[in-house]
Amino acid sequence: MGISLKLDPTFYPSAKEAMKAKPEDLAYVACLYEGTGVKKPDFIAVVDVNPRSPTYSKVIGKIDLPYVGDELHHFGWNACSSSLCPNGKPGLERRYLVVPGLRSSRIYIIDVKENPTNPRIVKVIEPEEVKEKTGYTRLHTVHCGPDGIYISAFGNTEGEGPGGILILDHYSFEVLGRWEIDRGDQYLAYDFWWNLPNGFLVSSEWAVPNTIEDGLRIEHLKDRYGNRIHFWDLNKRKKMHSLSLGEENRMALELRPLHDPTKMMGFINMVVSLKDLSSSIWLWFNEEGKWRSEKVIEIPAEPGEGLPEILKPFKVIPPLVTDIDVSLDDKFLFVSCWGTGEVRKYDISNPFKPVLVGIVKLGGIGKKDSNALGLTLTGGPQMLEVSRDGKRIYVTNSLYSTWDNQFYPEGLRGWMIKIDSDERFNIDKDFYVDFGDARSHQTRLRGGDASSDSYCYP
Amino acid sequence: MHLPTLIAILSSGMIDGIDVYKGGLFSLYFKRVGDEFRALISPLFYTLMECLPCVVAFWLWNDFSRPEIIILSGTLLSYAIMRIPVDKYIHYVGDVKPTLRGLAKWSWVNSLLCMDFIPPVIFLLIGKGYFLAFLIGNITFRYLAYKINVRILRINFSALFSLIIAITAVIILF
């Protein structure tokens, strides 16, 4: 409760101003043992990402969680630039990581201010409290809102739907309850984000926990995986509209609105097409008050060898676009193809017509060749995190424990690779983090990154 | 008018006015989206909403005796001391839609919640000239903040405001 005469210097009114922030020096990475056979608690690794530091590219700290089996996945900050929105909450600071366990539904609050390389847990919200106050379980996306911390959940206490969003208090981290007041026919949940000054929230669909937790079953693809996005009135907490993104497509995952809030549009990745196993990226946008969508990128499946059991009937390697990220200047879209082992860079100066401007190859299904690092990588590029200035992309390789084991049955060692993205688009040969038996999922950069903050100003 | 009191009250108005969390973020948004009219009236609008309870105080005004001045000063000091630890916790966000209606609604709600109307009301009660000094300092610095607000986003003017109010209360007392 100390009084400071300074406000948080990592908050910026607009994404363009945030791009001028000094480069990140530390990265926090969610690492998990679930699915590996190792009975150890998951941890948050602290990675040195300052190229001038003698410990560059090394894990210089970690915090082990007290329980086994949380399955760390996504996480976020307690506060961010949304605090600077008109009528935002004064006095907030980016100090705590809010880290949910996807499988356990437990939430850890981790203080990284006192000692950034040696964070400590200051609060654990047990799953029982989450269930009792919200009825939700399996917690996923964390966004720092102007009035609270928002976390999406895949399902209810029985592992079925509906999934939704819950809110935590900014200061006490109390679970305040469900966010939705009128959800209409929304049942499936996954990611969400918003456009704060225009007062809308958009959410996406994967599947309920009972469908995904034991692995992907091909027969479920037809009717148990979602292909819609939902638009909500952020203030009335009411669903206003839904869009189906192609009848043949399944798994509407990562929502990436443009950072300029005057542009009411964004991208989403559809992981798989039932027709040909291709992946696609769609642009959703508001035109004269109506929500519309358009497929702007399609990435085909590739013929391949050495396929895992789950893909043998199809005889092809699907691209499996499982993460996308937009640079803060809204000029580039980064796409990870977890199946075919590519990170792609698209110029989205015209968001309706993205232009492919770079590809980096990193592992992939059935790929045994070494890359620019001289290493044969296990797994493929999965989570992407883009630095605020858009010049560095951090890539990790785990998707979801049971799915990792299906698509990469030979085993998957967690790694983190950095791609330089200025004039060129290539791997930083001096940066490679090996997490050993642990798998690596989301990365958060100290001070903020391209998917952590929401901005209210152009 | 007592010169040290006048300077202290003028400074309070200035510090309150330059706090971008008090309406300045609305004008920043309007300015960035090219809505110059709303950007220009927002600072004035916020001061008017904050000082609205002064309309009531205006009718209560009379020549206060020394014991009454001590009570007013004590109230001001209590307000300042209580504000320091709780200020950031009692802000109600509601929504962050940048509209004049939102500005009016949330500035009114938050000035009531934080009891930010207390200083201007007390300044009016101890003298209309003092209240005028507060208003002048407040509005002038709201417009100054409107011009430079991105550069002052890093300073916690709310904490400074509590400090200057506490000092003002002590000066009024003596």
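Being a predicted model, the structure only gives us computed values, none of them experimental. Here is how names work: the chains are called A, B, and so on, in the same order as the sequence lines, proteins then strands, and each is numbered from 1.
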Side chain, backbone, both or neither: which part of [X] has an atom under 4.5 Å from a heavy atom of chain B?
X	result
A/Ser172	neither
A/Asp169	neither
A/Asn235	side chain

Approximate separation, where rounding is to 0.5 Å, of [X] [atom1] and [Y] [atom2]:
X	Y	atom1	atom2	result
A/Leu5	B/Arg154	CG	CZ	15.5 Å
B/Tyr21	A/Leu84	OH	CG	4.5 Å
B/Asn156	A/Lys6	CG	NZ	12.0 Å
B/Lys97	A/Leu196	NZ	CG	11.5 Å
B/Leu153	A/Tyr12	CG	OH	11.0 Å
B/Tyr89	A/His170	OH	NE2	12.5 Å

Enclosure of [X] [atom1] (heavy-atom neighbours >12, cutoff 6.0 Å):
X	atom1	value
A/Lys133	NZ	yes
A/Lys391	NZ	no
B/Phe174	CZ	no
A/Lys331	NZ	no

A/Glu93: salt bridge (charged side-chain N to carboxylate O under 4.0 Å, His left out) partners, not counting sequence neighbours: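 If we apply the salt bridge (charged side-chain N to carboxylate O under 4.0 Å, His left out) test to A/Glu93, skipping adjacent residues, the hits are A/Arg95, A/Lys113.
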With A/Asp449 via salt bridge (charged side-chain N to carboxylate O under 4.0 Å, His left out) - residues at least two apart: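 Once residues adjacent in sequence are excluded, the partners of A/Asp449 under the salt bridge (charged side-chain N to carboxylate O under 4.0 Å, His left out) criterion are A/Arg444.
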What heavy-atom pair brings [X] and [Y] nearest, and what distance separates the two atoms?
X	Y	value
B/Val33	A/Pro458	CG1-CG, 4.0 Å
A/Gly88	B/Val93	C-CG2, 4.5 Å
B/Arg32	A/Pro13	NH1-CB, 4.2 Å
A/Pro90	B/Lys88	O-CB, 3.6 Å
B/Gly94	A/Asp147	O-OD2, 4.4 Å

B/Tyr29 (side chain) donor-acceptor with A/Cys85 (main chain) under 3.5 angstrom: no
Counting only non-hydrogen atoms closer than 4.5 Å, does [X] touch chain A with its backbone (N, CA, C, O), its side chain (CB onward), both, or neither?
X	result
B/Phe157	neither
B/Asn110	side chain
B/Phe26	both

Heavy-atom pair count under 4.5 Å with chain B, highest-scoring of A/Pro197, A/Pro261, A/Gly91: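 Maximum pair count with chain B is reached by A/Pro197.
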4.5 Å side-chain heavy-atom contact, A/Leu234 and B/Asp95: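 A/Leu234 vs B/Asp95: side chains apart.
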